[in-house]
Amino acid sequence: AGGWEKERRTETMKLKTAIEEIHLRHTFTISRESQDVVRVVTVELEDGGLTGFGEASPSSFYGEDAEGVRGDLELLEELVSDADPLYYRDILEQAAEVLGDRRGALCAFDTALFDLASRKLGAPLWRMLGLNPLRTPLTSFTIGIDSVEKMVEKLREARQYPILKVKLGTPQDIEVIRELRKETDAVFRVDANCGWTAGETIEKSAELKALGVEFIEQPLPPEELDAMEEVCRRSALPVIADENSIIPEDVPRLAGRFHGINIKLVKCGGILPALRMVHLARTLGLQVMFGCMIETSILISAAAQLGPLADYLDLDGNVLIEDDPYAGVENENGRLLLGEDWVRRR
Ligand code: MG
């Protein structure tokens, strides 16, 4: 395409991949599943003595696993060999064509390429994008589903976090929030992970609001999007789409059905599609949240670079694990510190 010719380069960009196992501090339970160990795919993209780090935390809910993502990344080897990382938009356009809807691999590659380009330019991504780190909202810390007593215990361990996201979708949802509220004045957000009905959501929203809950994430299964119109109108609390908000193409139909969208790099395929989702959401008057899966500091730091664009952050995947192989953006009691340093292996 186009009338331009590729410049000849003397460097060769190299792509290395690995599957890494990370372990949760506590078994992590949401309405549909439980996890102790998570397998992520990491990418090192090397060019001219610099290395960019990327990651995918594939989820079976979105039809992906680590082996599949790693195999998909091999499809990009030819594409990177003579490409110049500073023309990352050209490269990502081609990578998206090669990968189609294999968005885990696209995310790992996209985040590694942005990281490499930013190292080449000598400025972290938030600087490249002209973002003000002081506008980064606080991140929440997530409490997974457990017995009420265990959830209270987990909350006590998380005293330093001013915002807590509580996983719900159990028969004792209101009791859980009532018991947790006795322990703290922290802001609560709740995530039903598709575990409620429309009527239940509207009813619970008023009680949850009275208990100091800020918003509800994805109450209904994604197939029930039409029922969200009434929920959105009648809920006492804002509703934020997660399982319904995967790629940029999803965003227009969420207006009027949700108040905001939760963007995750591994769902949409990395930084570039995430930025498209932010612009679409803002155009449509939707709020913006960045979320994560259970993942290392590579992917959390990549999402944190975009933090100043968000209303809400839920970037705690790296602090929920006990053996993060990487160090990146620090989480200081919920405050993500965007600095001049890049991610590194510990
Ligand atoms: Mg969620």
Side-chain angles (χ1 to χ4, degrees), residues 30-33 59 61-63 101 103 107 137 140 142 145 163 165-170 173-174 177 187-270 272-293 303 306 309-315:
I30 67 169
S31 65
R32 63 177 163 260
E33 63 184 345
S59 148
F61 183 77
Y62 295 107
D101 61 0
R103 286 183 292 272
C107 170
S140 51
T142 306
I145 293 176
I163 307 175
K165 175 164 133 174
V166 185
K167 293 289 193 178
L168 295 180
T170 72
D173 285 341
I174 299 294
I177 298 298
V187 172
F188 288 158
R189 298 166 180 173
V190 301
D191 187 353
N193 285 108
C194 318
W196 293 347
T197 64
E200 219 181 333
T201 307
I202 294 165
E203 199 186 304
K204 283 181 179 172
S205 68
E207 292 175 85
L208 292 171
K209 187 180 182 180
L211 288 164
V213 171
E214 188 178 28
F215 63 71
I216 299 169
E217 202 177 311
Q218 191 77 34
L220 309 192
E223 313 78 67
E224 290 172 37
L225 182 56
D226 287 339
M228 280 306 300
E229 223 166 288
E230 198 195 345
V231 173
C232 189
R233 240 182 313 113
R234 294 182 53 200
S235 170
L237 289 172
V239 279
I240 308 289
D242 182 1
E243 284 85 342
N244 266 121
S245 152
I246 303 170
I247 53 173
E249 288 77 358
D250 292 330
V251 181
R253 62 175 164 267
L254 302 179
R257 297 184 165 108
F258 286 94
H259 299 93
I261 62 168
N262 184 351
I263 302 169
K264 295 181 186 169
L265 298 183
V266 76
K267 283 191 303 183
C268 68
L272 201 55
L275 288 170
R276 290 197 182 112
M277 290 179 85
V278 171
H279 298 317
L280 276 164
R282 293 305 184 197
T283 306
L284 294 161
L286 289 164
Q287 291 189 298
V288 170
M289 166 176 182
F290 283 108
C292 62
M293 304 292 184
L306 309 183
L309 293 169
D311 302 295
Y312 311 114
L313 291 183
D314 177 33
L315 297 177

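These numbers come from the heavy atoms of this one structure, side chains and all, not from hydrogens, waters or symmetry mates.
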Taking it one step at a time, do D191 and I30 satisfy side-chain contact (heavy atoms from CB on, under 4.5 Å)?
CA-CA 9 Å; D191 187 353; I30 67 169; over 6 Å; no
Candidate pair L306 and V278, rule side-chain contact (heavy atoms from CB on, under 4.5 Å), full reasoning
CA-CA 10 Å; L306 309 183; V278 171; 5.8 Å; no
Stepwise side-chain contact (heavy atoms from CB on, under 4.5 Å) check, F188 with L211
CA-CA 9 Å; F188 288 158; L211 288 164; 5.9 Å; no
Please determine whether side-chain contact (heavy atoms from CB on, under 4.5 Å) holds for the pair V266 and S59, giving the CA-CA distance in whole Å, both sets of side-chain angles, and the decisive distance to 0.1 Å.
CA-CA 9 Å; V266 76; S59 148; over 6 Å; no
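Closest heavy-atom contact between L284 and A255: CB-CB, 4.2 Å. Shown here for A281 and V288, the closest heavy-atom pair between the two residues is CB-CG2, 3.8 Å. Residues C232 and V239 come closest through the heavy atom pair CA-CG2, 4.2 Å. Of all the heavy atoms in N262 and G291, the pair that sits closest is OD1-N, 2.9 Å. Between N244 and P222, the shortest heavy-atom distance links the atoms ND2-O, 3.2 Å. Across W196 and P221, no two heavy atoms sit closer than the pair O-CD, 4.0 Å.
Here the CD1 atom belonging to I261 is positioned 11.5 Å from the CD1 atom belonging to I246, to the nearest 0.5 angstrom. Interatomic distance, I174 CD1 to L168 CG, rounded to the nearest 0.5 Å: 7.5 Å. The line from CG of D242 to NZ of K264 is 3.5 Å long, rounded to the nearest 0.5 Å. Rounded to the nearest 0.5 Å, atoms CE (M289) and CD1 (I240) are 7.0 Å apart. Atom OG in S140 sits 8.0 Å away from atom CG in L313 (nearest 0.5 Å). Atom CG of residue L286 and atom CE of residue M277 lie 10.0 Å apart, to the nearest 0.5 angstrom.
Under the 6.0 Å distance and 45° angle rule, R103 does not count as a cation-pi partner of Y62.
In this structure the side chain of S205 reaches within 4.5 angstrom of the side chain of I216, judged on heavy atoms. L225 has its side chain within reach of L254: a pair of non-hydrogen atoms, C-beta onward, lies under 4.5 Å apart. Two residues are said to be in side-chain contact when any heavy atoms from C-beta on lie closer than 4.5 Å; C194 and E224 fail this criterion.
A ring pair (Phe, Tyr, Trp, His ring centres under 6.0 Å) check over residues 227-262, counting only residues at least two apart or in different chains, returns nothing. Among residue pairs with one or both ends in residues 213-222, those qualifying as salt bridge (Lys or Arg N to Asp or Glu O under 4.0 Å) are K165-E217, R189-E214; sequence neighbours excluded. The salt bridge (Lys or Arg N to Asp or Glu O under 4.0 Å) contacts involving residues 253-263 comprise D226-R257, E229-R257, D250-R253, where partners must be two or more places apart or lie in separate chains.
In this structure, the side chain of S31 engages the main chain of N193 through a donor-acceptor pair within 3.5 Å. The backbone N or O of S245 sits less than 3.5 Å from a side-chain atom of K267, completing a donor-acceptor pair. Judged purely by atom type and a 3.5 angstrom limit, Q218 uses its side chain to pair as donor or acceptor with the backbone of E243.
Between R282 and D311 there is a salt bridge, since a side-chain N of the basic residue sits under 4.0 Å from a carboxylate O of the acidic one.
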